[in-house]
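Reminder, nothing fancy here: chain letters follow the sequence lines and each chain counts from 1.
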There are 2 protein chains.
Amino acid sequence: MTGTSASARQAGRGHRSGRRGGDSGTREAILAAARARFGDLGYDRTTIRGIAADAGVDAALVHHFFGTKDRLFVAAMRLPLHPRDLVEAALAAGSGEQGPGEHMVRTVLGAWDVAEMRAPFLGLLRSATTSEQAAAMLREFATGAILGRVAEAAEQAAGGRGRDAEYRAALVASQVLGLALTRYVLKLGPLARASDDDLAAAIGPTLDRYLSGDLG
Amino acid sequence: MTGTSASARQAGRGHRSGRRGGDSGTREAILAAARARFGDLGYDRTTIRGIAADAGVDAALVHHFFGTKDRLFVAAMRLPLHPRDLVEAALAAGSGEQGPGEHMVRTVLGAWDVAEMRAPFLGLLRSATTSEQAAAMLREFATGAILGRVAEAAEQAAGGRGRDAEYRAALVASQVLGLALTRYVLKLGPLARASDDDLAAAIGPTLDRYLSGDLG
DNA sequence: GTCTATAATCGGATAGAC
DNA sequence: GTCTATCCGATTATAGAC
(Lines give C-alpha, C1' and ligand atoms only; values in the text may rest on other atoms or scores of the structure.)
Protein backbone atom coordinates (compact mmCIF):
# COMPACT_ATOMS: atom_id res chain seq x y z
CA MET A 1 0.00 0.00 0.00
CA THR A 2 2.84 2.35 0.79
CA GLY A 3 4.66 0.98 -2.22
CA THR A 4 8.38 1.28 -1.54
CA SER A 5 9.23 -2.14 -2.88
CA ALA A 6 12.78 -1.91 -4.10
CA SER A 7 13.95 1.66 -3.73
CA ALA A 8 16.14 3.29 -1.10
CA ARG A 9 19.67 2.55 -2.19
CA GLN A 10 22.99 3.79 -0.89
CA ALA A 11 22.12 4.40 2.70
CA GLY A 12 25.18 4.35 4.92
CA ARG A 13 28.98 4.25 4.99
CA GLY A 14 30.72 7.02 3.11
CA HIS A 15 33.60 4.73 2.11
CA ARG A 16 34.81 5.28 -1.47
CA SER A 17 32.13 4.55 -4.03
CA GLY A 18 31.93 0.92 -5.19
CA ARG A 19 30.03 -1.63 -3.15
CA ARG A 20 31.69 -2.51 0.15
CA GLY A 21 32.27 -5.95 1.50
CA GLY A 22 28.83 -6.56 2.92
CA ASP A 23 26.53 -3.91 1.60
CA SER A 24 24.51 -4.39 -1.54
CA GLY A 25 21.50 -2.37 -0.54
CA THR A 26 19.25 -5.33 0.08
CA ARG A 27 19.45 -4.83 3.78
CA GLU A 28 17.91 -1.41 3.40
CA ALA A 29 15.33 -2.76 0.98
CA ILE A 30 14.29 -5.33 3.54
CA LEU A 31 14.03 -2.68 6.22
CA ALA A 32 11.88 -0.49 3.99
CA ALA A 33 9.58 -3.38 3.11
CA ALA A 34 9.33 -4.34 6.78
CA ARG A 35 8.43 -0.79 7.78
CA ALA A 36 5.65 -0.69 5.21
CA ARG A 37 4.25 -4.10 6.09
CA PHE A 38 4.35 -3.62 9.84
CA GLY A 39 2.74 -0.23 9.35
CA ASP A 40 -0.10 -1.56 7.25
CA LEU A 41 -0.78 -4.85 8.99
CA GLY A 42 0.70 -4.72 12.47
CA TYR A 43 3.06 -7.27 13.97
CA ASP A 44 0.92 -10.39 13.92
CA ARG A 45 -0.36 -10.20 10.36
CA THR A 46 3.00 -9.30 8.91
CA THR A 47 4.97 -12.29 7.63
CA ILE A 48 8.66 -12.61 6.96
CA ARG A 49 7.81 -14.18 3.62
CA GLY A 50 5.71 -11.20 2.65
CA ILE A 51 8.47 -8.78 3.54
CA ALA A 52 10.99 -10.83 1.58
CA ALA A 53 8.69 -10.88 -1.44
CA ASP A 54 8.27 -7.10 -1.32
CA ALA A 55 12.00 -6.63 -1.06
CA GLY A 56 12.60 -9.06 -3.91
CA VAL A 57 14.76 -11.45 -1.91
CA ASP A 58 14.48 -14.82 -0.27
CA ALA A 59 12.92 -15.21 3.16
CA ALA A 60 16.04 -16.84 4.55
CA LEU A 61 17.95 -13.67 3.81
CA VAL A 62 15.77 -11.73 6.18
CA HIS A 63 16.72 -14.09 8.96
CA HIS A 64 20.32 -13.87 7.91
CA PHE A 65 20.32 -10.12 8.44
CA PHE A 66 18.01 -9.63 11.37
CA GLY A 67 17.69 -12.96 13.13
CA THR A 68 14.19 -13.17 14.54
CA LYS A 69 10.96 -11.40 13.66
CA ASP A 70 11.09 -9.54 16.95
CA ARG A 71 14.47 -8.04 16.22
CA LEU A 72 13.39 -7.06 12.74
CA PHE A 73 10.37 -5.32 14.20
CA VAL A 74 12.50 -3.28 16.57
CA ALA A 75 14.85 -2.31 13.76
CA ALA A 76 12.01 -1.35 11.44
CA MET A 77 10.14 0.72 14.02
CA ARG A 78 13.19 2.78 14.88
CA LEU A 79 12.45 6.41 14.07
CA PRO A 80 14.87 8.63 12.16
CA LEU A 81 14.59 10.99 15.09
CA HIS A 82 14.78 10.73 18.84
CA PRO A 83 11.43 11.50 20.45
CA ARG A 84 12.89 14.39 22.36
CA ASP A 85 14.46 15.87 19.24
CA LEU A 86 11.12 15.70 17.50
CA VAL A 87 9.56 17.94 20.09
CA GLU A 88 12.57 20.20 20.30
CA ALA A 89 12.71 20.70 16.56
CA ALA A 90 9.06 21.57 16.38
CA LEU A 91 9.47 23.79 19.37
CA ALA A 92 12.23 25.89 17.85
CA ALA A 93 10.23 26.85 14.79
CA GLY A 94 7.31 29.08 15.63
CA SER A 95 7.15 29.68 19.35
CA GLY A 96 4.97 32.37 20.82
CA GLU A 97 2.58 33.19 18.00
CA GLN A 98 0.07 30.63 19.14
CA GLY A 99 -0.72 28.40 22.09
CA PRO A 100 1.71 25.55 22.80
CA GLY A 101 -1.03 22.98 22.34
CA GLU A 102 -1.99 24.19 18.91
CA HIS A 103 1.62 24.09 17.85
CA MET A 104 1.96 20.60 19.24
CA VAL A 105 -1.00 19.34 17.25
CA ARG A 106 0.49 20.78 14.08
CA THR A 107 3.79 19.10 14.85
CA VAL A 108 2.13 15.74 15.34
CA LEU A 109 0.10 16.03 12.16
CA GLY A 110 3.20 17.11 10.27
CA ALA A 111 5.12 14.09 11.51
CA TRP A 112 2.35 11.76 10.37
CA ASP A 113 2.64 13.23 6.89
CA VAL A 114 6.22 12.10 6.49
CA ALA A 115 6.34 8.53 5.22
CA GLU A 116 9.40 7.57 7.26
CA MET A 117 7.53 8.57 10.40
CA ARG A 118 4.01 7.50 9.55
CA ALA A 119 4.92 3.87 8.95
CA PRO A 120 6.61 3.36 12.33
CA PHE A 121 3.82 5.23 14.08
CA LEU A 122 1.19 3.08 12.43
CA GLY A 123 3.10 -0.10 13.13
CA LEU A 124 3.58 0.76 16.76
CA LEU A 125 -0.04 1.75 17.24
CA ARG A 126 -1.37 -1.30 15.41
CA SER A 127 0.86 -3.69 17.33
CA ALA A 128 0.72 -2.13 20.78
CA THR A 129 -2.79 -3.41 21.37
CA THR A 130 -1.75 -7.05 21.26
CA SER A 131 2.02 -7.14 21.78
CA GLU A 132 3.43 -6.22 25.14
CA GLN A 133 6.76 -5.51 23.51
CA ALA A 134 5.22 -3.02 21.10
CA ALA A 135 3.15 -1.55 23.89
CA ALA A 136 6.30 -0.89 25.88
CA MET A 137 7.91 0.80 22.90
CA LEU A 138 4.91 3.02 22.29
CA ARG A 139 4.61 3.81 25.98
CA GLU A 140 8.22 4.83 26.12
CA PHE A 141 7.94 6.96 23.03
CA ALA A 142 4.69 8.64 24.02
CA THR A 143 5.82 9.62 27.48
CA GLY A 144 9.33 10.44 26.35
CA ALA A 145 8.14 12.72 23.60
CA ILE A 146 5.55 14.50 25.67
CA LEU A 147 7.30 14.80 29.00
CA GLY A 148 9.80 17.25 27.54
CA ARG A 149 6.98 19.49 26.38
CA VAL A 150 5.34 19.21 29.75
CA ALA A 151 8.49 20.09 31.62
CA GLU A 152 8.81 23.30 29.66
CA ALA A 153 5.17 24.18 30.09
CA ALA A 154 5.27 23.47 33.80
CA GLU A 155 8.33 25.68 34.03
CA GLN A 156 6.68 28.82 32.72
CA ALA A 157 3.24 28.11 34.02
CA ALA A 158 2.58 26.69 37.45
CA GLY A 159 4.41 27.64 40.60
CA GLY A 160 3.43 24.88 43.00
CA ARG A 161 1.37 22.25 41.15
CA GLY A 162 4.20 21.01 39.00
CA ARG A 163 4.29 17.55 40.46
CA ASP A 164 1.24 16.24 38.61
CA ALA A 165 3.33 16.80 35.49
CA GLU A 166 3.24 13.13 34.59
CA TYR A 167 -0.51 13.04 34.97
CA ARG A 168 -0.85 16.04 32.68
CA ALA A 169 1.49 14.50 30.17
CA ALA A 170 -0.55 11.31 30.20
CA LEU A 171 -3.73 13.27 29.53
CA VAL A 172 -2.05 14.86 26.53
CA ALA A 173 -0.96 11.43 25.36
CA SER A 174 -4.51 10.14 25.65
CA GLN A 175 -5.83 12.86 23.34
CA VAL A 176 -2.96 12.70 20.88
CA LEU A 177 -3.02 8.92 20.61
CA GLY A 178 -6.80 9.02 20.43
CA LEU A 179 -6.58 11.37 17.50
CA ALA A 180 -4.05 9.15 15.75
CA LEU A 181 -6.21 6.09 16.36
CA THR A 182 -9.45 7.59 15.10
CA ARG A 183 -7.96 9.57 12.20
CA TYR A 184 -5.34 7.23 10.79
CA VAL A 185 -6.34 3.74 11.91
CA LEU A 186 -10.08 3.75 12.43
CA LYS A 187 -10.49 6.43 9.77
CA LEU A 188 -13.51 8.13 11.26
CA GLY A 189 -14.87 10.19 8.39
CA PRO A 190 -15.02 13.65 9.94
CA LEU A 191 -11.55 13.38 11.46
CA ALA A 192 -9.96 11.85 8.39
CA ARG A 193 -11.33 14.69 6.27
CA ALA A 194 -10.52 17.53 8.66
CA SER A 195 -7.70 19.93 7.80
CA ASP A 196 -4.65 20.46 9.96
CA ASP A 197 -5.87 23.95 10.75
CA ASP A 198 -9.25 22.78 11.97
CA LEU A 199 -7.77 20.05 14.12
CA ALA A 200 -5.17 22.39 15.60
CA ALA A 201 -7.86 24.90 16.47
CA ALA A 202 -10.14 22.25 17.95
CA ILE A 203 -7.65 20.16 19.90
CA GLY A 204 -4.92 22.67 20.69
CA PRO A 205 -6.83 24.33 23.53
CA THR A 206 -7.51 20.90 25.03
CA LEU A 207 -3.79 20.23 25.25
CA ASP A 208 -3.17 23.70 26.66
CA ARG A 209 -5.60 23.01 29.45
CA TYR A 210 -4.06 19.60 30.15
CA LEU A 211 -0.59 21.09 30.13
CA SER A 212 -1.12 24.02 32.43
CA GLY A 213 -4.81 24.67 33.00
CA ASP A 214 -7.16 24.00 35.88
CA LEU A 215 -8.08 20.34 36.09
CA GLY A 216 -10.85 20.68 38.67
CA MET B 1 -7.36 -13.63 33.29
CA THR B 2 -11.02 -12.72 33.55
CA GLY B 3 -11.67 -16.25 34.81
CA THR B 4 -15.22 -17.15 33.87
CA SER B 5 -14.37 -20.65 32.72
CA ALA B 6 -17.47 -22.68 33.29
CA SER B 7 -20.04 -20.48 34.93
CA ALA B 8 -23.03 -18.70 33.44
CA ARG B 9 -25.76 -21.30 33.33
CA GLN B 10 -29.39 -21.04 32.39
CA ALA B 11 -29.27 -18.14 30.01
CA GLY B 12 -32.27 -18.16 27.72
CA ARG B 13 -35.65 -19.79 27.03
CA GLY B 14 -38.09 -19.73 29.89
CA HIS B 15 -39.50 -23.15 28.94
CA ARG B 16 -40.32 -25.35 31.89
CA SER B 17 -37.26 -26.19 33.96
CA GLY B 18 -35.29 -29.27 32.88
CA ARG B 19 -32.80 -29.07 30.06
CA ARG B 20 -34.36 -28.45 26.67
CA GLY B 21 -33.56 -30.30 23.52
CA GLY B 22 -30.45 -28.38 22.54
CA ASP B 23 -29.29 -26.43 25.55
CA SER B 24 -26.81 -27.79 28.00
CA GLY B 25 -25.06 -24.55 28.86
CA THR B 26 -21.91 -25.29 26.96
CA ARG B 27 -22.84 -22.81 24.30
CA GLU B 28 -22.86 -20.06 26.87
CA ALA B 29 -19.61 -21.35 28.35
CA ILE B 30 -17.98 -21.13 24.94
CA LEU B 31 -19.27 -17.61 24.49
CA ALA B 32 -17.92 -16.56 27.86
CA ALA B 33 -14.52 -18.08 27.16
CA ALA B 34 -14.45 -16.43 23.75
CA ARG B 35 -15.28 -13.04 25.23
CA ALA B 36 -12.46 -13.36 27.73
CA ARG B 37 -9.89 -14.55 25.19
CA PHE B 38 -10.76 -12.00 22.53
CA GLY B 39 -10.66 -9.32 25.19
CA ASP B 40 -7.26 -10.30 26.49
CA LEU B 41 -5.53 -11.19 23.24
CA GLY B 42 -7.44 -9.63 20.37
CA TYR B 43 -8.71 -11.47 17.31
CA ASP B 44 -5.45 -12.70 15.80
CA ARG B 45 -3.86 -14.18 18.90
CA THR B 46 -7.02 -15.85 20.05
CA THR B 47 -7.34 -19.48 18.96
CA ILE B 48 -10.41 -21.66 18.72
CA ARG B 49 -8.49 -24.40 20.46
CA GLY B 50 -7.69 -22.09 23.34
CA ILE B 51 -11.31 -21.04 23.73
CA ALA B 52 -12.41 -24.66 23.67
CA ALA B 53 -9.88 -25.56 26.34
CA ASP B 54 -11.10 -22.74 28.60
CA ALA B 55 -14.69 -23.83 28.11
CA GLY B 56 -13.76 -27.44 28.81
CA VAL B 57 -15.01 -28.75 25.49
CA ASP B 58 -13.60 -29.96 22.21
CA ALA B 59 -12.56 -27.53 19.51
CA ALA B 60 -14.89 -29.12 16.98
CA LEU B 61 -17.82 -28.18 19.17
CA VAL B 62 -17.01 -24.52 18.81
CA HIS B 63 -17.28 -24.87 15.05
CA HIS B 64 -20.45 -26.85 15.46
CA PHE B 65 -22.09 -23.98 17.31
CA PHE B 66 -20.64 -20.92 15.64
CA GLY B 67 -19.23 -22.02 12.31
CA THR B 68 -16.24 -19.81 11.63
CA LYS B 69 -13.97 -17.78 13.86
CA ASP B 70 -15.36 -14.60 12.39
CA ARG B 71 -18.91 -15.44 13.34
CA LEU B 72 -17.83 -16.41 16.83
CA PHE B 73 -16.09 -13.07 17.19
CA VAL B 74 -19.21 -11.17 16.23
CA ALA B 75 -21.30 -13.19 18.65
CA ALA B 76 -18.82 -12.74 21.49
CA MET B 77 -18.42 -8.99 21.00
CA ARG B 78 -22.14 -8.37 21.10
CA LEU B 79 -22.89 -6.08 24.02
CA PRO B 80 -25.71 -6.75 26.49
CA LEU B 81 -26.90 -3.25 25.65
CA HIS B 82 -27.55 -1.30 22.50
CA PRO B 83 -25.14 1.62 22.17
CA ARG B 84 -27.95 4.10 22.19
CA ASP B 85 -29.50 2.57 25.29
CA LEU B 86 -26.18 2.85 27.06
CA VAL B 87 -26.14 6.58 26.58
CA GLU B 88 -29.82 6.96 27.31
CA ALA B 89 -29.58 4.99 30.54
CA ALA B 90 -26.66 7.04 31.74
CA LEU B 91 -28.43 10.17 30.64
CA ALA B 92 -31.56 9.48 32.63
CA ALA B 93 -29.76 9.16 35.96
CA GLY B 94 -28.29 12.44 37.06
CA SER B 95 -28.92 15.12 34.53
CA GLY B 96 -28.31 18.73 35.35
CA GLU B 97 -26.11 18.57 38.43
CA GLN B 98 -22.93 18.62 36.37
CA GLY B 99 -21.74 19.21 32.83
CA PRO B 100 -22.81 16.67 30.22
CA GLY B 101 -19.18 15.86 29.47
CA GLU B 102 -18.32 15.02 33.02
CA HIS B 103 -21.34 12.77 33.24
CA MET B 104 -20.34 11.10 30.01
CA VAL B 105 -16.86 10.31 31.29
CA ARG B 106 -18.33 8.76 34.41
CA THR B 107 -20.67 6.69 32.29
CA VAL B 108 -17.83 5.40 30.16
CA LEU B 109 -15.66 4.56 33.14
CA GLY B 110 -18.61 2.85 34.81
CA ALA B 111 -19.21 0.71 31.74
CA TRP B 112 -15.57 -0.38 31.67
CA ASP B 113 -15.95 -1.58 35.26
CA VAL B 114 -18.60 -4.11 34.34
CA ALA B 115 -17.00 -7.35 33.19
CA GLU B 116 -19.64 -8.09 30.54
CA MET B 117 -18.87 -4.74 28.95
CA ARG B 118 -15.13 -4.48 29.50
CA ALA B 119 -14.31 -7.70 27.66
CA PRO B 120 -16.11 -6.72 24.44
CA PHE B 121 -14.68 -3.23 24.63
CA LEU B 122 -11.17 -4.56 25.02
CA GLY B 123 -11.63 -7.12 22.29
CA LEU B 124 -12.99 -4.55 19.88
CA LEU B 125 -10.24 -2.07 20.64
CA ARG B 126 -7.47 -4.67 20.45
CA SER B 127 -8.75 -6.08 17.18
CA ALA B 128 -9.81 -2.89 15.42
CA THR B 129 -6.22 -1.89 14.74
CA THR B 130 -5.60 -4.87 12.48
CA SER B 131 -8.99 -6.24 11.44
CA GLU B 132 -11.16 -4.19 9.13
CA GLN B 133 -14.18 -6.10 10.33
CA ALA B 134 -13.50 -5.21 13.94
CA ALA B 135 -12.70 -1.64 12.94
CA ALA B 136 -16.09 -1.35 11.30
CA MET B 137 -17.80 -2.67 14.41
CA LEU B 138 -15.97 -0.24 16.68
CA ARG B 139 -16.58 2.62 14.28
CA GLU B 140 -20.27 1.88 14.24
CA PHE B 141 -20.46 1.59 17.99
CA ALA B 142 -18.43 4.70 18.72
CA THR B 143 -20.34 6.96 16.40
CA GLY B 144 -23.67 5.32 17.20
CA ALA B 145 -23.20 5.73 20.92
CA ILE B 146 -21.95 9.28 20.77
CA LEU B 147 -24.13 10.75 18.06
CA GLY B 148 -27.19 10.47 20.28
CA ARG B 149 -25.46 12.51 22.95
CA VAL B 150 -24.37 15.03 20.39
CA ALA B 151 -27.85 15.39 18.96
CA GLU B 152 -29.19 16.27 22.35
CA ALA B 153 -26.39 18.68 23.11
CA ALA B 154 -26.72 20.38 19.75
CA GLU B 155 -30.42 20.72 20.42
CA GLN B 156 -30.11 22.76 23.58
CA ALA B 157 -26.92 24.55 22.66
CA ALA B 158 -26.25 25.89 19.20
CA GLY B 159 -28.78 27.59 17.03
CA GLY B 160 -27.11 27.55 13.65
CA ARG B 161 -23.88 25.55 13.81
CA GLY B 162 -25.55 22.21 14.33
CA ARG B 163 -24.33 20.71 11.09
CA ASP B 164 -20.79 20.03 12.26
CA ALA B 165 -22.41 17.65 14.74
CA GLU B 166 -20.63 14.67 13.28
CA TYR B 167 -17.30 16.44 13.49
CA ARG B 168 -17.93 17.25 17.15
CA ALA B 169 -18.98 13.69 17.83
CA ALA B 170 -15.80 12.41 16.22
CA LEU B 171 -13.71 14.69 18.41
CA VAL B 172 -15.43 13.27 21.46
CA ALA B 173 -14.77 9.78 20.17
CA SER B 174 -11.09 10.58 19.72
CA GLN B 175 -10.71 11.62 23.36
CA VAL B 176 -12.84 8.81 24.76
CA LEU B 177 -11.13 6.10 22.73
CA GLY B 178 -7.77 7.68 23.49
CA LEU B 179 -8.53 7.43 27.19
CA ALA B 180 -9.57 3.80 26.84
CA LEU B 181 -6.44 2.99 24.87
CA THR B 182 -4.00 4.64 27.26
CA ARG B 183 -5.72 3.62 30.48
CA TYR B 184 -6.87 0.07 29.80
CA VAL B 185 -4.67 -1.22 27.00
CA LEU B 186 -1.40 0.70 27.16
CA LYS B 187 -1.78 1.11 30.90
CA LEU B 188 -0.03 4.45 31.21
CA GLY B 189 0.75 4.70 34.90
CA PRO B 190 -0.83 8.06 35.77
CA LEU B 191 -4.04 7.30 33.88
CA ALA B 192 -4.35 3.75 35.14
CA ARG B 193 -4.00 5.01 38.71
CA ALA B 194 -6.31 8.02 38.42
CA SER B 195 -9.71 7.93 40.10
CA ASP B 196 -12.98 8.26 38.25
CA ASP B 197 -13.50 11.63 39.89
CA ASP B 198 -10.18 13.01 38.76
CA LEU B 199 -10.67 11.83 35.20
CA ALA B 200 -14.19 13.18 35.03
CA ALA B 201 -13.00 16.57 36.26
CA ALA B 202 -10.06 16.62 33.85
CA ILE B 203 -11.69 15.29 30.69
CA GLY B 204 -15.32 16.30 31.17
CA PRO B 205 -14.75 19.94 30.19
CA THR B 206 -12.92 18.79 27.08
CA LEU B 207 -15.99 16.90 25.94
CA ASP B 208 -18.22 19.82 26.81
CA ARG B 209 -16.18 22.04 24.58
CA TYR B 210 -16.20 19.52 21.75
CA LEU B 211 -19.95 19.04 22.11
CA SER B 212 -21.06 22.62 22.16
CA GLY B 213 -18.15 24.98 22.66
CA ASP B 214 -16.17 27.24 20.37
CA LEU B 215 -13.81 25.27 18.16
CA GLY B 216 -11.86 28.20 16.78
C1' DG C 1 25.52 -12.85 0.12
C1' DT C 2 22.15 -15.56 -1.59
C1' DC C 3 19.18 -19.34 -2.17
C1' DT C 4 17.35 -24.47 -1.71
C1' DA C 5 15.69 -27.52 1.15
C1' DT C 6 13.48 -28.87 5.26
C1' DA C 7 12.39 -29.17 10.06
C1' DA C 8 8.88 -28.34 13.48
C1' DT C 9 4.73 -26.31 14.82
C1' DC C 10 0.43 -24.51 14.85
C1' DG C 11 -4.13 -23.03 13.34
C1' DG C 12 -8.82 -23.27 11.11
C1' DA C 13 -11.99 -26.25 9.34
C1' DT C 14 -14.47 -30.77 8.06
C1' DA C 15 -16.29 -35.73 8.07
C1' DG C 16 -18.20 -38.87 10.54
C1' DA C 17 -18.70 -42.13 14.51
C1' DC C 18 -21.06 -42.45 18.91
C1' DG D 1 -24.50 -32.79 21.51
C1' DT D 2 -20.07 -34.31 21.78
C1' DC D 3 -15.73 -36.06 20.49
C1' DT D 4 -11.89 -38.57 17.42
C1' DA D 5 -9.29 -38.28 13.56
C1' DT D 6 -7.56 -35.85 10.04
C1' DC D 7 -6.75 -32.70 6.11
C1' DC D 8 -4.59 -28.76 4.60
C1' DG D 9 -2.42 -24.49 4.57
C1' DA D 10 0.77 -21.24 6.50
C1' DT D 11 4.53 -19.72 9.41
C1' DT D 12 9.11 -19.11 11.87
C1' DA D 13 13.47 -20.71 11.84
C1' DT D 14 17.76 -23.45 10.68
C1' DA D 15 21.41 -26.13 8.12
C1' DG D 16 24.02 -26.10 4.49
C1' DA D 17 25.13 -25.89 -0.57
C1' DC D 18 26.67 -22.51 -4.12
| query | Would you call the rings of A/F121 and A/F141 parallel, tilted or perpendicular if under 30° counts as parallel and over 60° as perpendicular? | reply |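 A/F121 and A/F141: tilted rings.
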Rounded distance (Å) that lies between atom [atom2] of [N] and atom [atom1] of [X]:
X	N	atom1	atom2	result
A/D44	C/dG11	CG	C1'	13 Å
B/R49	C/dC10	CZ	P	10 Å
B/D58	D/dT4	CG	P	6 Å
A/H63	C/dT4	NE2	C1'	15 Å
A/D70	D/dA13	CG	C1'	13 Å
A/R71	D/dA13	CZ	C1'	14 Å
A/R45	C/dG12	CZ	C1'	14 Å
B/I48	C/dT14	CD1	P	11 Å

For the side chain of [X], starting at C-beta, report the closest nucleotide among [options].
X	options	answer
B/K69	D/dT11, D/dA13, C/dA13	C/dA13
A/H64	C/dT2, D/dC3, D/dT14	C/dT2
A/T68	D/dA13, C/dC3, C/dG12	D/dA13

| With A/R106, which of A/D197, A/D196, A/D198 fulfils salt bridge (charged side-chain N to carboxylate O under 4.0 Å, His left out)? | A/D197
| Picking from B/K69, B/R37, B/R126, what satisfies side-chain contact (heavy atoms from CB on, under 4.5 Å) with B/Y43? |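 One option only clears the test, and that one is B/K69.
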| said: Exactly one of A/L109, A/V108, A/T206, A/L188 should register a side-chain contact (heavy atoms from CB on, under 4.5 Å) with A/L179. Which one does? | reply: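 The single option meeting the side-chain contact (heavy atoms from CB on, under 4.5 Å) with A/L179 is A/L109.
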| task | Taking only the side-chain nitrogens and oxygens of A/S24, find out if one of them lies under 4.0 Å from OP1 or OP2 of C/dT2. | result |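 Yes.
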| Looking at B/T26, does any N or O in its side chain come under 4.0 Å of the phosphate oxygens OP1/OP2 on D/dT2? |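 Checking B/T26 against D/dT2: at least one side-chain N or O falls below 4.0 Å of OP1 or OP2.
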| said: Considering every strand and a 4.0 Å limit on heavy-atom distances, what is the contact class for B/L61: base, sugar-phosphate, or nothing? | reply: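 Base, at least one base heavy atom under 4.0 Å.
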| task | With rounding to the nearest 0.5 Å, note down the distance linking OG in B/S127 to CG in B/L122. | result |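 Separation between the atoms: 10.0 Å.
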